[in-house]
Amino acid sequence: MNTIARFKHFGTETYHVFNRNKTSWVGLLLLTILVLLAVLAPVIAPYDPVEQHIIQRLEPPSAEFLLGTDYYGRDVLSRIIWGCRVSFIIGSVSVAIAMFFGTILGSMAGYKGGYFDSFVMGVMDVLMSIPTLLMGLLIVAILGPSQANLIIALALTMIPRFARIARAPTIAAKSKVYVEACQAMGFSDIRILVVHIFPNILGELMVMGSMWMATAVRTEAALSFIGLGVNPPTATLGGMIREGFKDIMSAPWASLYPGLVILVIVFAANLLGDGLRDALDPKLRNEK
Amino acid sequence: MKYILEVKDLSTAFKLQSGWYPATTDISFSLKPNETLAIVGESGCGKSVTAFSLMGLLPEHGSRIDSGTALFKGEDLLTMPREKLRKIRGSAMTMIFQEPMTSLNPVFTVGSQIAEAVFYHMNVGKAAAKKRALELMDMVKIPDPVNRYDDYPHHLSGGMCQRIMIAMSLACEPDLVFADEPTTALDVTIQAQMLYLLHELKEKQHMSMIFITHDLGVVAHVADRVAVMYAGTIVETASVTDLFANPRHPYTQALLKSIPRLDKDNKDISPIQGMVPSIDNMPEGCRFFDRCERKDQCRSDILPQLMPLKDNPTQLVRCLLCE
Amino acid sequence: MITRKSVLGCLVSLLVLAFLVTPGFAENVLRIGTLGSDAISLDPHMSTKTQDKIIFPMIFNGLVRFKPGTADLNSIEADLAESWEVSEDKLVWTFKLRQGVQFHGDYGELTAEDVVFSLNKAAEKTTSSAYKEYSAVKSVEAVDPYTVKITLSEKVPFFLGAVINYHGGFILSKKASEKLGDKAAINPVGTGPFAFVKYQSKRFIELKANDSYFRGKPAIDKITYRYMPDEATRELAFDKDEVDLFYGRREARWVKNQEKKKNIVVDVFGLGELRNLHLNTSIKPLDDIRVRQAIAHAVSREGLVTFIGLEVASAANSVVPAGYLGHSDSAMVYKHDIAKAKELLAQAGFAKGLTIKAVITKVESLRLPMIVIQEQLRLAGITLDLQVVEHSAFHKLIRQNQSSLVLYGASRFPVADVYLSQFFLSSSIVGTPTGITNFSHAKVADDDILKAKTEVDSKNQIALWAAAQDKIQKDVYAIPLFEQYQVWCRKSNLDYGYKLDNSLSNGPLITEKTNFK
Amino acid sequence: MLQYIIKRLLLAIPILLAVVTLVFFVVRMAPGDPAQVILGDSASHESLTALRAELGLDRPVIVQYGEFLGSLVQGDLGNSIIRKQSINSIIADVLPYTVELTLAGVLLGVIIGLPLGVFSAVYRNSLGDYITRIGSLIGLSFPAFYSGILLLLAFSVYLGWFPVISDPDMDNLGERLHMLVLPAINLGLIMMAYVVRSARSSLLETLGEDYIRTAKAKGLPGIIILYKHALKNALIPVITIIGLYIGVLVGNSVLTEIVFNRPGLGKLILSALDERDYNLLQGLMVIYAFLIVLVNLVTDLTYGMVDPRIRKQ
């Protein structure tokens, strides 16, 4: 099979198994709805998310403000919709960056072996021994809070995970006959990695991608909650909880709804990841 | 008691994606005390499924017994309460498995795994159970049982593990032992030792044995009677001498022809043509029809019954041509 | 197996036990929930953090003090000093000390030596953050054990401010400071109504009554002063009777909600903290006065006061807080006028709007109004690119000229000079060796401020200060926004023992008379 | 065994050193200034410079680094810049709170999660299994601060069963446990979710193993097969998960301490960061990295206890 056919085969196979798992469809559906909301934010959101109605501060949900208003009299619903957008951007971009660099580092380390491998994986070990949230705290504290810096912080904490995932199968694949044959034929390392090794780890990368996307969204919210999030007046879900927390008794809507949305996003991403894993895990596949 | 085990019309089914499919159909055989019955057949023909359904070891989900009776010492194994079956299992009726290395629990000592069987069935204390376990280890000729007792499975060789399995199955002096390809995973030299040991112990303990194998060579050594299975059905049963001397079912004949033998000229060796029908595509009629050398003389739409031969009532054959 | 079971058993029984046990409280304990996550330093000459400032006057005394509950310069009364005299030229001050005043613990009687030690310490750069206030002090001498003579090199606007029970004016025990060394910063020894017992980092400070306090034995036996950085938690803890007195939210809406509850008294009091928006004229395009004027027109004082609430804030009309000696009511103030702002921007070449960068602290009292200002500026076409950073990073960055706009608030000793000198004198420009908090790089009022410092005639002095305020506001070096008052909530049976109108320490003073009714 | 432990600890040294070095230089790149924190908002440039010199902050970073390493080797984390106290004692003061919270969280997660996971595996594809799985996935998705807020609202504010301030007197065992309940539940929630999921999947795998069939063939009671033969084998991946997610747990303990206003390393690290107390921050990161290395070690040793195949290597 050529590479494209392999990917295609992989795709249909995955689709079939995924299809059998009803809950993963729920995850995908939820995620799609939320992504759509986020993408269409400028059209759907009833108000400008930064527009303050100082007189109508912390108003309970009403026909005018469906989910109430926050501390500055901004529409909670509109901010949630725009906040989803930020969450998704940060979550997906950081995972994409981490996946890109992590996979390259990990597979190069596995492929080259020797000192390069020891060095790269040593650095990864160091990065991994700092808990994600603390790492995020440190990085944001140095670089200052901004969407880009949050993405960098999150990506840095995730790169080692992806490097690990990519490394082991690369080592396993390296010794396979066809790779040796390719080497003998003088194909470049990059080509061998992309054509022969990458498809083998694609499945696990996808699973880990959606799982870590969930973690990234949660960590971003946690950092925002601590106060190291995106700068005002940008709406973020974690930031909304932080802002709303001080009025939790008199205006719970300002913090509880955004929290619920974070929960749903993370839950949906995890559900999807679970479904993908079931679909891609050969062990489970054979079982059915 | 004429028979220790009488199986009649046992049918089981497995669940696949698209529904339930028969794994075994109308299995019938019987076993006298002290007798060894060999069940022979290619892999996937339903040998192990038969043993597992009698032991009550079929997976709880995705399998079911559709019909049949199996009288063990006069009581039906298939309908008795689970708890009662559990008590018989492991004491009066035991089983030895194919893969000794994976069939022992890696996180417990081998001795304790033998003692456990004793402890739960014989109503004795832990110390007595240990003593009995050491006796059993000695019986299955494990050197230095006292030191081996505290070893973990990964310390022992495959042969040693199988001896442990045998010791475990004999712990409560069973009346019937299922041996599910007990030698397949072992080296040839150890295979012979193991067969000898089993035979010796069977004689000593006066028990019956159902020996499941795909190896006709082994059958000749251990069995009193043989049941040949094909695609979920028994196609022929006979005493071991009759079967080898006068195989009647075309499948049995083909099977015997397909194995090389040292004591014969191997010129007429020939593999069986075609493939075993798959479980989800079982023919309505004779399951061997497609591969049968004599199908020209026969019809495919009738499922033949297992019938005694007119000339030898102890030999039963499932073939229209043999009636 | 057995051990696992027993562990589980233990755990379950302990959990059950935990439900049954409810902690009891000793009598007359005052539990205070304060802001901040921890003490910065318990050396009163060092820390100016609100959470530390509040507790110092409970432990220490000055030579003089404001009558409890007031901050009126005319109501200054004797504290550790019994009486004082000042020379004709206002350069030599002689204080007679109260006799028999005992330090906490075994540190003996207060003598002139302690006062000399303390004031010298307060004037020393490395041991005090208030040393500038003492730059005019030439010498502090102990004439006899109960007399202290202070000689000044030049006249200062209000010298008693330097020996009041505030910041550098607190009198420490010389013996204790020498004995404890570095540890003195976490083990304060004073003469006040309450003595320090223990400090648990991030958690609380415990004080006990100083039974031999010279004004009499305090009615409260014990004070726990607990750090509760989260506002919601302080409120919840009060509702659940876990604290008796707490630092409230300086916001009208919240105050009104609290007042609806039973068993609570909300005190709103001064000194107010003035919030000024400093415009950094060293950063383009704020060097253009039209841009600064546009910002001044865009910002709505009324909007901000509405946001915070009339009950706890009032619009400011001067960069010097109201009530301070020298505050002027007639300085130039720009009116809220978006059209005018846009017009001025267009004149300055920013018809399509402009973006300016600013840094703001995480601390809510500054961050929240800044977000309102951000929105007000947005309506005038000015995008405020706001970066929220930690409080210490905020201070560092605004001193490195990293922020075009600096929202800043403070309460100082209530004399205009302090405010004007720290914020608008050219020698205070940030980044210079003598720099303090002149973020706008204002130089325009130097002459007036300096002249006022040594002006003997108080009328002239006030006129000079008024001129300074007008010049600063006219050229928009800073926009006065609003004054925000202190809000504390107490159990309704808690009586301070005085009427609380003003407090220099930003918190209610707990005196020997404070008691539960 | 002892040799193995020592070897493992020695192997951890380069990682610890790298973490320390990273943190040391990284925190000094951040804007902010401890001198400003001490002297307050109205400090002048001169006094800031003077204090910085006194604190030794004006010396070359590399010199400071050398000094730091020097005292670190002797087990001394130095003094807090802001508070002049020894960092060892500052950390020792609050460490029990965090350790207690984390242990309680893990314990709770295991005690509740393991039986649930077993239940879920045994009754696979039943309604109960379905609910457990969805429930654990929700638990996994809860941001710790959000679950903390909800717990606080429900049990402290509305029901009033627990205090809002979880700052117990360490000598009062009853109070200590009482105040531990909610934070431990909050921390245990996510651990529980991890344990349920890993226990379920690894038990399912184990239940398909040959030795389980052997145990059945032996006629052992189902409960013995499950809890003795299957669970002991299934525990290994569960232990791995606990070890693997200790980082997540640390992050959650920070958030839990904030929400429940509870003393501990997490709150300490936040204020160290706020105050730019470099020394304290470094010290804390050393402690965290060390704790994580320690947990990994304990995890490995636990493997040995559970699995003889690993023990004998």
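These figures come from a predicted structure and were not determined experimentally. Chain identifiers are assigned alphabetically (A, B, ...) following the order of the sequence lines, protein sequences preceding nucleic acid strands; residue numbering begins at 1 within each chain.
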Engaged part of K362(C) at the chain D interface, taking heavy atoms whose separation is under 4.5 Å
side chain
If we define contacts as heavy-atom pairs under 4.5 Å, which of D38(C), L397(C), I186(C) has the most with chain D?
D38(C)
Note: D417(C)-R412(C) ion pair, threshold 4.0 Å (strictly below)
no
Counting heavy-atom pairs under 4.5 angstrom with chain D, the leader among S428(C), A237(C), P433(C) is P433(C)
Chain C contact via N261(D) - which portion, at a heavy-atom distance below 4.5 Å:
side chain
Begin with the C-alpha distance, continue with both residues' side-chain angles, and end with the deciding distance and a verdict on side-chain contact (heavy atoms from CB on, under 4.5 Å) for L504(C) and L271(C).
CA-CA 6 Å; L504(C) 203 51; L271(C) 298 174; 3.5 Å; yes
So for E46(D), is it side chain, backbone, both, or neither that comes closer than 4.5 Å to the heavy atoms of chain C?
both
Tell me if the aromatic rings of H278(C) and F424(C) count as close, with their centers under 6.0 Å from one another.
yes
Specify which of D43(C), L236(C), D230(C) makes the most heavy-atom pairs with chain D at under 4.5 Å.
L236(C)
Let me know if F423(C) has heavy atoms under 4.5 Å from chain D in its side chain, its backbone, both or neither.
neither
Less than 4.0 angstrom from a charged side-chain N to a carboxylate O is my criterion; do K49(C) and E275(D) meet it?
no
Side chain / backbone / both / neither for L268(D) at chain C, heavy atoms under 4.5 Å:
both
Heavy-atom distance under 4.5 Å to chain D: side chain of Y408(C), backbone, both or neither?
side chain
Evaluate the criterion side chain to side chain donor-acceptor pair (under 3.5 Å) for residue pair H167(C) and S128(C); output intermediate values, then yes/no.
CA-CA 9 Å; H167(C) 208 177; S128(C) 162; 5.4 Å; no
Region of T434(C) in contact with chain D, defined by heavy-atom distances below 4.5 Å:
both
Going by an N to O cut-off under 4.0 Å, is there a salt bridge joining D93(D) and R203(C)?
no
Most heavy-atom pairs under 4.5 Å with chain D, out of L42(C), D52(C), T233(C), belong to T233(C)
Quick one: do E364(C) and R367(C) make a salt bridge, cutoff under 4.0 Å?
yes
E100(D) and R262(D): salt bridge (Lys or Arg N to Asp or Glu O under 4.0 Å), yes or no, with the steps?
CA-CA 12 Å; E100(D) 162 184 290; R262(D) 189 185 154 83; 2.9 Å; yes
Max heavy-atom pairs within cutoff under 4.5 Å with chain D, candidates A130(C), P229(C), A39(C), A185(C), goes to A39(C)
With only heavy atoms counted, which part of Y199(C) is less than 4.5 Å from chain D, the side chain, the backbone, both or neither?
side chain
Main chain of Q51(C), side chain of Y225(C): is a donor-acceptor contact present, judged purely on distance under 3.5 Å?
yes
